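Not measured: the values here are computed from a predicted model.
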Amino acid sequence: MNHVFNSTALNMSYVSDNVAGASPEIIDALAQCNTGQVNPYGNDDGTARIEKKLSDIFERPVSVFLVNSGSAANALGLSVLTPPWGHVLCHPDSHIYNDECAAPEVFNPGSKLITVAGESTKISPARLREKLTHKLGDVHSTQPATLSITQATETGSVYNLDELQVLKDICRSSNLKMQMDGARFANALVSLNCTPAEMSWKSGIDILSFGATKNGALSAEAVILFDQGMATEMGYRRKRSGHLTSKMRFLSAQIDAYLSDDLWLKNAAQANNMAKRLEQGLAGIHGIELLGETQTNIIFCKMSAKTIDHLYGQGFTFYANRWGKDIVRLVTSFATTEQDVDALIRAAKNSSA
Ligand SMILES: Cc1ncc(COP(=O)(O)O)c(C=O)c1O
């Protein structure tokens, strides 16, 4: 049985990677785990199994807490790392700052988010150092406690391992914890071609929001604690936030299938490769200007209002004019095919001809 969402029709939406359905392997795993009675609240065998699998993948024992959304994963992780009088340093374009409706402050009342800008949606180390000297030790001000970085970033760029190391050194010397929003962790990993350990705890990350929903799961994200000493607190925090799902087997089955046979890496490679193909196709079209190099599955480019309207008229959907006049964002996913991408390139060519 083929479960691929819209499998025969062209995928014409480039609005987000969330517009895709779930991977057939994950839907199958859900159907398979539907029989029989299973211990609730994370006491299922599947949850134990994925903790073991993730410990192997990350090359050290980890504690894993499954939740339904990336926002919950981020807010919970940050709440464990940050005291109520502390602040989280994050990029002004970060999802936690812009798109989570103050969830980090709700989950950890008193704490604040403070922004540190930087090119390509990446925190600038120089600006971070500046922020860390501001009112340090002043009892009247919240104190820097945690650095949150997004990998891949909200615009699809990626911190390389050297950049992560610089941030780690700053954080270690200033006693800051590090949290990673990895809603697109797999896309970044495939792009860097490094190990999950190198891109996380070896780069100083204490807690990782390990995303799966954007990359083939139905609705499942794993909060991964590299310091298992924080697990007890996280357990209570997850429960009181309403994110301890009773039928946890349906979340663990998703992550189990996601990690099996490298599905997570294959899906991310497909999304990234399709973005590359799209980027290369658009590069040759008169009147289209690519904005920066595509490192994962998000492309930013500039095109005329005429081309945008033409593409909309053909049935393609994507964000335009949101990040500036004539700026278009195109996001591919694990479900995007070569056929999909070629259709978009053809339509863009026709409009500019
Ligand atoms: C960078 C980033 N972090 C986290 C999320 C997770 O958000 P949600 O709470 O919708 O699962 C998203 C989704 O758009 C995202 O782009």
Side-chain angles (χ1 to χ4, degrees), residues 2 4-23 91-95 98-99 119-122 150 152-158 183-184 186-188 190-191 211 213-216 266-353:
N2 189 351
V4 177
F5 182 69
N6 251 354
S7 61
T8 49
L10 267 189
N11 291 303
M12 297 181 83
S13 175
Y14 292 83
V15 167
S16 167
D17 27 19
N18 282 335
V19 298
S23 282
H91 197 276
D93 295 329
S94 63
H95 199 266
N98 281 311
D99 296 301
E119 294 299 307
S120 307
T121 333
K122 296 193 266 188
T150 310
T153 72
E154 289 71 7
T155 53
S157 58
V158 172
R184 296 188 182 87
N187 302 85
V190 165
S191 172
T213 308
K214 289 178 184 298
N215 192 37
K266 289 178 195 159
N267 278 359
Q270 175 69 14
N272 289 6
N273 289 340
M274 290 307 100
K276 261 287 162 237
R277 187 180 181 93
L278 185 52
E279 180 187 44
Q280 283 160 2
L282 295 177
I285 300 177
H286 179 71
I288 296 187
E289 180 195 349
L290 290 160
L291 304 172
E293 192 212 346
T294 301
Q295 289 185 281
T296 53
N297 64 326
I298 304 179
I299 297 176
F300 280 89
C301 58
K302 249 184 154 175
M303 52 178 80
S304 67
K306 178 178 153 250
T307 303
I308 293 172
D309 285 345
H310 176 77
L311 292 175
Y312 281 162
Q314 298 287 304
F316 293 98
T317 55
F318 48 83
Y319 281 119
N321 299 312
R322 205 180 177 187
W323 289 271
K325 188 172 165 341
D326 296 341
I327 294 182
V328 161
R329 187 188 80 165
L330 301 165
V331 186
T332 56
S333 79
F334 70 94
T336 309
T337 64
E338 291 186 358
Q339 207 190 353
D340 299 332
V341 166
D342 294 349
L344 176 56
I345 296 169
R346 247 189 336 270
K349 263 189 195 146
N350 286 344
S351 143
S352 75

Problem - Rounded distance (nearest 0.5 Å) linking atom CG of L344 with atom CD of Q339 - result: 13.0 Å
Practice task
Could you tell me the separation between the OH atom of Y319 and the CG atom of L330, rounded to the nearest 0.5 Å?
Solution key: 13.0 Å
Fill in the blank from the handout: In V19, V331, T332, V328, the residue satisfying side chain to side chain contact (heavy atoms under 4.5 Å, CB included) with Y14 is T332
Handout entry: Euclidean distance, T294 OG1 relative to N272 CG, rounded to 0.5 Å
Key = 9.5 Å
Handout entry: Interatomic distance, I299 atom CD1 to K276 atom NZ [nearest 0.5 angstrom]
Key = 8.5 Å
Handout entry: pair D326-N321: side-chain heavy atoms closer than 4.5 Å
Key = yes
Handout entry: More than 12 heavy atoms of other groups within 6.0 Å of K266 NZ
Key = yes
Problem - CH2 on W323 to NZ on K302, rounded to 0.5 Å - result: 15.0 Å
Practice task
Take K122 and T153 through the test side-chain contact (heavy atoms from CB on, under 4.5 Å) and record every step on the way to the result.
Solution key: CA-CA 7 Å; K122 296 193 266 188; T153 72; 3.9 Å; yes
Practice task
State, yes or no, whether a side-chain contact exists between N11 and T336 at a heavy-atom distance under 4.5 Å.
Solution key: no
Practice task
Kindly give the heavy-atom pair with the smallest separation between N98 and P92, and that separation in Å.
Solution key: ND2-O, 2.8 Å
Problem - From T213, N297, N215, residue fulfilling side chain to side chain donor-acceptor pair (under 3.5 Å) relative to D17 - result: N297
Handout entry: Donor on one side chain, acceptor on other, T121 and T155, under 3.5 Å
Key = yes
Handout entry: I298 to E154 - nearest heavy-atom pair and separation
Key = CD1-O, 3.7 Å
Exercise for the section: Identify the two heavy atoms, one from A335 and one from D340, that lie closest to each other, and give their separation to 0.1 Å. Expected result: O-OD2, 3.8 Å
Handout entry: Q295 to G156 - nearest heavy-atom pair and separation
Key = CB-O, 3.7 Å
Handout entry: Aromatic centroids of Y312 and F318 separated by under 6.0 Å
Key = yes
Practice task
Working to the nearest 0.5 Å, report the span between CD of E289 and CG of L282.
Solution key: 12.5 Å
Problem - Exercise: identify the closest heavy-atom pair between F334 and A22 - result: CZ-C, 4.0 Å
Exercise for the section: For residues V190 and A268, report the shortest heavy-atom separation together with the two atoms involved. Expected result: CG2-CB, 3.9 Å
